[in-house]
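Worksheet: one structure, shown below.
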Amino acid sequence: CDKVLDVTPKGNYTTATYWRTQSDAVNGITGIYNILLEEDFTGHAEFTFDICSDDEYRAGDHSEDVAIENFTYDASNAQVRFSWRWKYEMINRSNNALIYIPKIEKMDEDIRNRSLGEAHFLRAFAYWRLMLIYGEVPVVTEDDVLASSYNHPKVSADSLRGMIQTDLLAAADLLPDTYGANDKGRVTKGTAWGFLCKLYMNWEKLDQALIYGEKVTTSPNYKLASTYLENFTPATSNNDEMLFAVQTSDTWGYSDFTTYHTPREWGGWNFHQPLQTLVDEFEAGDARKAVSVMGPGDKVDIGTEIATYSASMSETGYHFRKFSSWKSNGGLNYSLKTPLLRTADIMLLVAEAKIRTQGAGAGDAEINQVRKRAGLAEVSGAGMPALMHERRCELSGENERHQDLIRWDKAKLIDITTYYNKPKYGKNGNILVAARTFVRPKHYYFPLPQSEIDKSNGVLIQNENY
Amino acid sequence: STMEGQNIREVKINLNASHQKLEEVLGKIQQLTPFRFVYNSSQVKAIPPVSINVTNTSVETILQQLLTPNHFSFEQNKAQVIITRTQDLTFATLNRAIPTMVEWADTSITAQGKVRDDKGQPLPGVTITIKGKNRGVAADASGNFAIRADEKDSLIFKAIGFAPLTVSAGGNLGNIALSPSTTSLSDVVIVGYGSQTRRDLTGTITTVKGADIRNLPVSDAAQAIQGRVAGVDIVRSDGSPGTTPSIRIRGTGTINNSEPLIIIDGVPASSLSDINNNDIASMEVLKDASSSAIYGTRAANGVIIITTKKGSYNEKLNTSVNIYRGVSNVRRYIPLLTAPELVTLKQERYTNDGLSVPAIWQDPYYAVQRTDWQKALFNTGNVTNADISIRGGSAFSNYLFSVGYYDEKGMITNTYFKRYTVRINSEHRLNKRLKVGENLQLTARKRNALDTYSSQTGLIFSALRFNPAIPVKDETGAYGSAQASNELGDINNPVYTAETTDAWVKSYRVLANAFAELEIVRDLKFRVNYAFDGTLSNSYTFLPKTLTQVRTRDDAELTQGDTTSNSQLAEAFLTFNKTLAQKHQITLTGGVSYQKYTGSYFAAKRNGFDDESPDMLVLDNGSLVIDAAGNYHATNVLASSFVRGFYSFKGKYLLTATMRADGSSRFAEGHRWGYFPAVSAGWRVSDENFFKENVHFMSNLKVTGGWGVLGNQNVSEFQYLAAVAKNRRYNFGDLPVTGTWNASIANPNITWEKAHMTNISMEMGFLQSALNATVTYFNKNTIDMLVPAVQMDTHGTSVVPDQNIGRLNNHGVELELSYQGGKKDFTYFVAANATMIRNKVTKLYAKDTYISSSNYGRQNQEISRTYEGQPIASFYGWKTAGLYQTQSEIDNDAYLANDSRRANIKPGDVRFVDVNGDGAITEADRVNLGDPNPRLQYGIQMSGNYKGFDLSLAFTGVAGVKLYNADKMQGLDPTYSYNYYKEEMNRWHGEGTSNSIPRMTLTDNNGNYRTSDRFIEKGDYFALRNVALGYTIPAKLWGNAGGPGIRVYVAGQNMFILTNYSGLNPELGYTDGNRQRGVDVATYPQARSITVGASLNF
């Protein structure tokens, strides 16, 4: 009699019927990358955490962003809440891959290694972003997934760094150096090394940072693109330098990153406007300026016409140019990849590590590689101020500035409060954002989402100072 | 008139007919003479063809020639000639008496007359039987009847929805008036797998007659019974055409799906919106465990049984036509700022923050009022209904055929609901033991699918927020746009969206069943039923290329989809019904049932439509395939067996016991089968001699009580497995690649929810049952309630499975009162009902745990939480105590003594209450702010008749309910770049200027607009839902020949809603399943409408 009640989930896989073949493994890994397109993650929200910086004005019309920019946010802030679960979704999909892929009986071992490497890397990436934003967060392991156990206390930032290190080292072992054309966009050994370099810089382990940074900068596989513009042109943005980028594509499967950055009049939502102070940072003749920002009078190919940018399109008088592209028949071109890590970043971190361990001038070679491409004269005896200037120009808008300032402040290289205790001015000298008060150590991290604290029933403890 | 005086002996005609049907010949005579024949059509049809050829012969002679050889007699009554069979060959007599036709020589009279309803309209189809004799006829379309009877006989008149009437056959039968019955004890009540008289019920079942909801201009029958049944809460979450209301019987019984089981003519049918209201004969609402336990694991939320109209045996062909048309308008608008007012406040917002005012707010263009967006979006809607039904029956078959058309156009452009219905019911007696029949319901419907609902992009949200200086269209004819500046917000012009989007869903549904009933031996019947319920839906969404609005779309986009779903039901059951020694009545019912649900879907999407002309918008004409998706819906199977016993001793002591065993495929082996017992007993106190002798003011008193267990298995399928879905793609090398993810987490132990329910009821009748009252107490405990296992977002985005851990209690009191009064020319009827229910979650994961609900708006604000110890979906947030008026109030406020935010708080900010007394406003100060579940719901219906006029009124109301005005929370929040509510003019702008609306600021550092009691409002309302005034055109206008019955009327819906609530509508539904209720997200308002209509019977 019970037999009539036996029905199968027709058309749907379950964990009992999936993870059997090589293509199951490859598709499972693709599913992890998929999260990078999410608007509430690297599709945009993650970049909101840089509007604190002195490079840009939030613009747009999200009032939760006002609180982020003004350091008046609290634990209920929507932005603080948005990206949390996508990072954990990435961790859970990676955990599933790490549970099941080793059990697949028959598959190409190279593909198996690559897939496991990708899973280790993507899990590390999610924890890395969690650690940067929240400092201390709960950990979900493969065992937790098998036991459906998800309410855990948070662990220290150092424990997180240790876990990220373990995963990145495993990924570096397992991943290949490069890929063929059809696999462009997958992470490589270089990606893992690059993030190891960033992790050790954050951890103040400069020697280690240098080791892994140089693995990238000295490799022919990850050399700088010949021009800065190549990184921000749809056809060439997947180049050797692009260690990690969101593979948004105009055919389908795109993220709204570009929409957020583009002026309204040209099809965008008008967020993230560069400030005059950033524009002024570029030296005369810096080829990166015209690629990075557009200002009044600039001619821009918006696909259907060569249009003229006008100050009325922006509160600051500028927009980022490097994140917008248009199709020839009109509309935004979403095939412009969103950079998450470039060799130029690592190049400058290597320079920084050298300067900070060996003294001014030790990073000249790396700094000059970057400057040369920008069409600028070489520097010599460069110290931290020169390096900071170079990072600011090279990486404008790429979600690095606020984190750089925090890192340098923690290392007592700068006083971050003086950077932030100044108004942000608009194009007419008007005040867009009043001077802000950065409170140490409170504002090094954001609070954990209040909803998660509430649901945890006492397990999850809010960050200190919130 | 002269015609009236004519006699069949005097009127002479020529007539020539050869081998023609008798009926046709009679028709010819009717054409040639003033006479009208009244006869039982099935009897006349049974006569072999006749021939006649006469000239200048009296009608009397002709009739004698035609009728006498065929055993008919005839009599003239004014213009009518009543033809009766000398022996009524009804079914019963045929069965018994063929071929002994010897009795027909008795000397009885022909009892003839006319039956009308309480409104004076001829009542067709009334069965007239002779008491104690197994004979009967049915009244014809004009209510006329004629039956051979003995002068001393009593005639019994019966019709569905009317109280039966017994009249002496020798009396005056010319104007028999039947009164509608609501609580008649001898009424037949439909129960699961059978029927019972109301007198014998031991459970709580309320019946709504089809006549009470006839011609109400609503698309869903549930809406028509709003306020008419105690214990039933019907609420529409929005007023757009075709919206299905939520039905909650005796409170919200679970956090999961708590819609009742709907049974249409014996078939579980899931929805009431595919049926034409005018096809409904009765709706029975089964509320307690004893009545519903026979439906086992689907009965925990109550059961609604719909019985559709049918033909009767021996009923002359009756035709009924209903036509109405009406117009609808918005009941109220939300007062919003005009453009000049908005500019003033926007400027103030920057000045207050010490920021310079952006150019746009100094631009005179934006200080000119151009558009009231609510008025631009809302127009006049209309509704049209036309239906016709034909029914009748012979001695062996009966039938009903009806077609209906319902067309509702909403108040917003391109919002509509259209429905075509066809119903075919018939039943046939194959022999004296076996009858077979079918019910067939065909529905085609089309409904728009515009987004009126979203608080991010919805049309109504957009109309309430869009800048009033922007024109609907500019001088070049282009739609106004907010693209000019971020300061105008990220909303598209709602009129543009409504006029350029083409989105609809069409559905075609067949609900059919075929049955056979065999009387195995006397008193034992066996019935089998096979049913098929299939729906095919097509959806179509065309979104135009949009470059000049804020939310752009690079390419026009078309999505088309097909969904099929069908369910098959097979059941068989036995019914044994016997009365022993005239005092023991026993009814036993037992059977088995099997139902299987399957389905599938397909959808595809293309973009790149160069040509956007409507005729060219098909997938073929798009360039790029964006998406193509298809899969099966999850299959589910229910297998059941059930048994019910009823015993009555002397009609005074009643006992019902029920047991159902249900197996559901939704659960893993070992967790599938549930057993649902119920018992109830009743005592008809008023049948006791001591009562009869001593209590004279009461004509009826019955006390019943019962207890039972019900189940709910209506949760997602396959939760015992962890699903992997293949729909997370990504690009490598700019090529799309398939990606998978773990779409759900498994709970292998999941099983159904159970509800334990106790019911005690007292039924009273006074004044010879003109006044009736029922009082019922119930207590319902839901146990093993399925709640999501994991709440933490650390699980990611997979669907978390439910676990059987929650408990929920609903208890309350229901009152029903009715009074029927008046006499002769003026009769009236008043009914009232009231329900008081308390709802409380008694157990969740652990102390202080809760179930969250969806967040509201751009800032993702949490509004409702379901906590252990509190009513389901209570509001949760901060308490407030006015505004800070001065800096010193802030500096000296004990609430802020230790608050690190104090430096950021300014006069004009909200003073939040430090509930926990720690000197700081934190998340720990949030408390329960109110209960959205009404304490009291009530309804009042009144009707009265005076001569040909009839008036009816239906009121509904709720009291003791809190609403959360989320739209206002956003509509006043100055950090948004939109237009604001008019109330914003009363904002704080200096000491003493306001104690309720905070200062203008761009940086709301104090969280003035966090979820708080500032946006809680009382949701009590009292509404005149329906009013109708009708006039029945007197039959004499048509001569006395029994012309058509015609009633014309004018009716109004939502004529008034008395409330202090400030939003568009105080009736707010559910916005996140049962987890959120009473949150105003500014949805489609309910219209006020006026309809005029006519009903014809002939």
Side-chain angles (χ1 to χ4, degrees), chain A residues 2 4-5 7 9-15 18 27-28 30-31 33-34 59-61 63-64 66 70 72 75 78 81 84-85 88-89 92-93 96 138 140 148 150-151 181-186 247 249 251-253 264-265 267 269-270 330-332 335 430-431 434 450-452 455-457, chain B residues 354-356 483 486 489-490 547 550 552 554-555 626 631-632 634-637 639 663 665 669 672 718 721-724 726 728-742 745 790-797 846 848-849 852 858-860 862 904 923 975-977 1002-1003 1005:
Chain A
D2 218 42
V4 299
L5 299 174
V7 293
K10 252 167 83 174
N12 288 292
Y13 297 96
T14 68
T15 45
Y18 198 73
N27 293 344
T30 306
Y33 281 101
N34 159 272
D61 56 359
S63 47
E64 63 271 24
V66 181
N70 282 289
T72 53
R81 188 186 132 88
W84 176 271
R85 72 181 186 138
Y88 279 101
E89 178 64 23
N92 284 309
R93 288 189 196 173
N96 271 298
V140 178
S148 294
Y150 294 99
N151 192 5
N182 286 351
D183 283 311
K184 281 286 180 206
R186 291 185 186 279
Q247 297 297 304
S249 171
T251 51
W252 65 266
R264 282 194 169 212
E265 292 81 349
W269 292 339
N270 199 23
L332 287 166
S335 288
N430 53 311
I431 294 177
Q450 184 62 39
S451 53
E452 294 302 292
K455 285 187 286 183
S456 78
N457 203 23
Chain B
L355 300 172
S356 34
Q483 218 174 16
N486 277 356
D490 56 353
L547 295 178
V550 179
T552 57
D554 292 350
D555 258 323
I626 300 297
N631 206 334
Y632 297 100
T635 299
N636 72 63
V637 176
S665 67
E669 222 173 322
R672 285 175 178 164
F718 299 119
L721 299 171
V724 177
K726 248 184 173 172
R728 290 291 183 272
R729 296 175 296 189
Y730 196 62
N731 311 292
F732 292 115
D734 269 328
L735 297 170
V737 188
T738 301
T740 59
W741 68 303
N742 252 53
I745 299 166
V790 196
Q791 294 274 308
M792 303 304 296
D793 279 359
T794 42
H795 84 272
T797 61
D848 293 334
T849 55
S852 56
R858 293 295 165 79
Q859 302 198 29
N860 228 250
E862 188 175 19
N904 291 326
E923 316 290 344
T975 66
Y976 282 109
S977 51
L1002 198 60
T1003 56
N1005 292 332

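Being a predicted model, the structure only gives us computed values, none of them experimental. These numbers come from the heavy atoms of this one structure, side chains and all, not from hydrogens, waters or symmetry mates. Within every chain, numbering begins at 1; the chains are lettered A, B, ... in the order of the sequence lines, protein sequences first and strands thereafter.
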Salt bridge or not for D793(B) and K455(A), using N-O below 4.0 Å?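 So D793(B) pairs with K455(A) through a salt bridge.
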State whether a side-chain donor-acceptor pair under 3.5 Å links R264(A) with N486(B). yes
Is it the backbone or the side chain of [X] that comes under 4.5 Å from a heavy atom of chain B, or both, or neither?
X: V140(A); result: side chain
X: R186(A); result: both
X: P138(A); result: side chain
X: Y33(A); result: both
X: N270(A); result: both

Please check this pair: side chain of N731(B) against backbone of Q247(A), looking for a donor-acceptor N/O pair closer than 3.5 Å.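 Side chain of N731(B) to backbone of Q247(A), a donor-acceptor pair under 3.5 Å: yes, one is there.
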Between [X] and chain A, which part of the residue has a heavy atom less than 4.5 Å away: side chain, backbone, both or neither?
X: T738(B); result: both
X: N631(B); result: side chain
X: A723(B); result: both
X: R729(B); result: both
X: D848(B); result: both

Between V637(B), T740(B), D554(B), who has the most heavy-atom pairs with chain A when the cutoff is under 4.5 Å?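 The answer is T740(B).
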With sequence neighbours excluded, what pairs up with Y88(A) under the ring pair (Phe, Tyr, Trp, His ring centres under 6.0 Å) test?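 Here the qualifying residues are W84(A).
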Positive for side chain to side chain contact (heavy atoms under 4.5 Å, CB included) with Y13(A), one of L721(B), V724(B), N742(B):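 Result: among L721(B), V724(B), N742(B), V724(B) is the only option passing the side chain to side chain contact (heavy atoms under 4.5 Å, CB included) with Y13(A).
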